[in-house]
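Sequence positions, counted from 1, serve as the residue numbers for this chain.
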Amino acid sequence: MKLLAYRLQKTWMFFLAGIIVALLLTIPTKLAIAYYQTPKPQAILTLGGGSNREEFTALFAQYYPDMKIWVSSGKPLHKARAIFHTAGIADSRLYLDYRAKDTVTNFTTLVDVFHQQQIQHLFLITSEFHLPRAKAIATIILGSRGIAFTPIPVQSQPTELESVFRILRDVARSLLWIITGYTGA
């Protein structure tokens, strides 16, 4: 009986590993197709949390007057709107979303919105120190839906990059979300 349980457990682990490998292999293909079909970004996604991300985005967006702008869990509504109004950005371009609790949920709460609006390529704006983790998560979550991204770093403090542990933890959470729909937040 113990041998049977061991074999079932081993089979289950190989099956799960196979699913994860298959998912990981489809993501680069989906990203390559998205980059090929839409080489230029169609919208802007700013991850909230940095003190100057919205200010940078408002100035950046002036160079792309037709792009919609999403800010995920950034400054409070009245402050964010004031920043964009000062830069001359119309409310009709601005989508402030406050559902995210962390970097993983910055992506999981909005990826289906982007997919429904047929957005295949985004500018991804976040702080320079935060960019490696954001890119790792975006590759998995956005890539799973065939959405490419072009990262734009915002100069910030601290200048030290986030730890490899945090990156790997959030990569695991991103894979968990793809498999189960749950982020582990």
Side-chain angles (χ1 to χ4, degrees), residues 23-75 77 80-100 102-156 161-162 167 170-171 174-175 177-178 183:
L23 281 171
L24 290 175
L25 291 176
T26 62
I27 288 171
T29 304
K30 288 180 176 184
L31 284 172
I33 291 168
Y35 279 116
Y36 177 77
Q37 291 178 339
T38 315
K40 294 181 182 178
Q42 303 162 291
I44 299 169
L45 170 60
T46 298
L47 305 183
S51 62
N52 59 345
R53 295 178 193 174
E54 282 97 335
E55 290 89 347
F56 177 89
T57 300
L59 296 174
F60 183 82
Q62 291 174 339
Y63 294 99
Y64 300 94
D66 297 329
M67 283 190 187
K68 293 179 182 177
I69 305 156
W70 276 268
V71 179
S72 180
S73 294
K75 294 183 190 270
L77 182 68
R81 287 212 185 275
I83 290 167
F84 286 96
H85 284 165
T86 301
I89 305 296
D91 281 342
S92 61
R93 294 179 58 197
L94 187 60
Y95 299 88
L96 302 173
D97 187 286
Y98 293 96
R99 294 176 290 167
D102 55 34
T103 306
V104 173
T105 56
N106 281 140
F107 294 101
T108 61
T109 57
L110 288 171
V111 69
D112 289 330
V113 172
F114 300 140
H115 189 70
Q116 288 167 358
Q117 294 197 13
Q118 299 178 341
I119 294 172
Q120 287 188 283
H121 195 162
L122 295 164
F123 279 120
L124 172 61
I125 298 175
T126 191
S127 300
E128 192 173 30
F129 78 92
H130 185 247
L131 200 55
R133 184 161 58 108
K135 285 174 22 180
I137 297 165
T139 298
I140 294 169
I141 293 174
L142 296 178
S144 74
R145 298 294 198 275
I147 301 170
F149 64 93
T150 297
I152 306 292
V154 178
Q155 208 169 30
S156 62
L161 298 178
E162 293 179 317
I167 295 169
D170 284 352
V171 164
S174 300
L175 291 170
W177 177 79
I178 289 174
T183 64

For the atom pair [atom1] ([X]) and [atom2] ([Y]), what is the distance rounded to the nearest 0.5 Å?
X: Ile69; Y: Leu94; atom1: CD1; atom2: CG; answer: 6.0 Å
X: Ile147; Y: Gln118; atom1: CD1; atom2: CD; answer: 11.0 Å
X: Leu131; Y: Leu47; atom1: CG; atom2: CG; answer: 9.0 Å
X: Asp102; Y: Phe107; atom1: CG; atom2: CZ; answer: 11.0 Å
X: Thr103; Y: Ile137; atom1: OG1; atom2: CD1; answer: 5.0 Å
X: Gln42; Y: Ile119; atom1: CD; atom2: CD1; answer: 6.5 Å

Query raised in the report: Is Lys75 paired with Glu55 through a side-chain N to carboxylate O contact shorter than 4.0 Å?
Result: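 The answer is yes: the pair qualifies as a salt bridge.
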
Query raised in the report: Between Asp112 and Arg145, is there a salt bridge with N-O shorter than 4.0 Å?
Result: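 Judged by the 4.0 Å cut-off on N to carboxylate O distance, Arg145 and Asp112 do form a salt bridge.
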
Which heavy atom in [X] sits nearest to a heavy atom in [Y], and how many Å separate them?
X: Ile89; Y: His85; answer: O-CD2, 3.8 Å
X: Gly143; Y: Leu31; answer: CA-CD2, 3.7 Å
X: Ala34; Y: Gly146; answer: CB-O, 3.2 Å
X: Ile140; Y: Ile27; answer: O-CD1, 3.6 Å
X: Ser73; Y: Ala100; answer: OG-O, 2.7 Å

**Report entry** Identified ring pair (Phe, Tyr, Trp, His ring centres under 6.0 Å) partner of Phe123 from the options Phe56, Tyr63, Tyr64
**Finding:**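 So the option named by the test is Tyr64.
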
**Report entry** Passing option when Tyr95 is tested against Phe84, Trp70, Phe114 for ring pair (Phe, Tyr, Trp, His ring centres under 6.0 Å)
**Finding:**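 With Tyr95 as partner, Phe84, Trp70, Phe114 yield a single ring pair (Phe, Tyr, Trp, His ring centres under 6.0 Å), made by Trp70.
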
**Report entry** Other residues, nucleotides, ligands: >12 heavy atoms within 6.0 Å of Gln155 CD
**Finding:**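 12 or below, so no.
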
Query raised in the report: Are the aromatic ring centres of Phe149 and His121 under 6.0 angstrom apart?
Result: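 Not close enough - the centres of the two rings lie 6.0 Å or further apart.
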
Query raised in the report: Side-chain contact, heavy-atom cut-off 4.5 Å: Ile125 with Ile44?
Result: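 Touching, per the 4.5 Å side-chain cut-off.
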
Query - Partners passing salt bridge (Lys or Arg N to Asp or Glu O under 4.0 Å) against Lys30 (at least two apart in sequence or in another chain) - result: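 Counting only residues at least two positions away or on another chain, Lys30 forms no salt bridge (Lys or Arg N to Asp or Glu O under 4.0 Å).
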
Query raised in the report: Who are the salt bridge (Lys or Arg N to Asp or Glu O under 4.0 Å) partners of Arg53, not counting sequence neighbours?
Result: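 Partners of Arg53 by the salt bridge (Lys or Arg N to Asp or Glu O under 4.0 Å) criterion come out as none, since no residue qualifies.
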
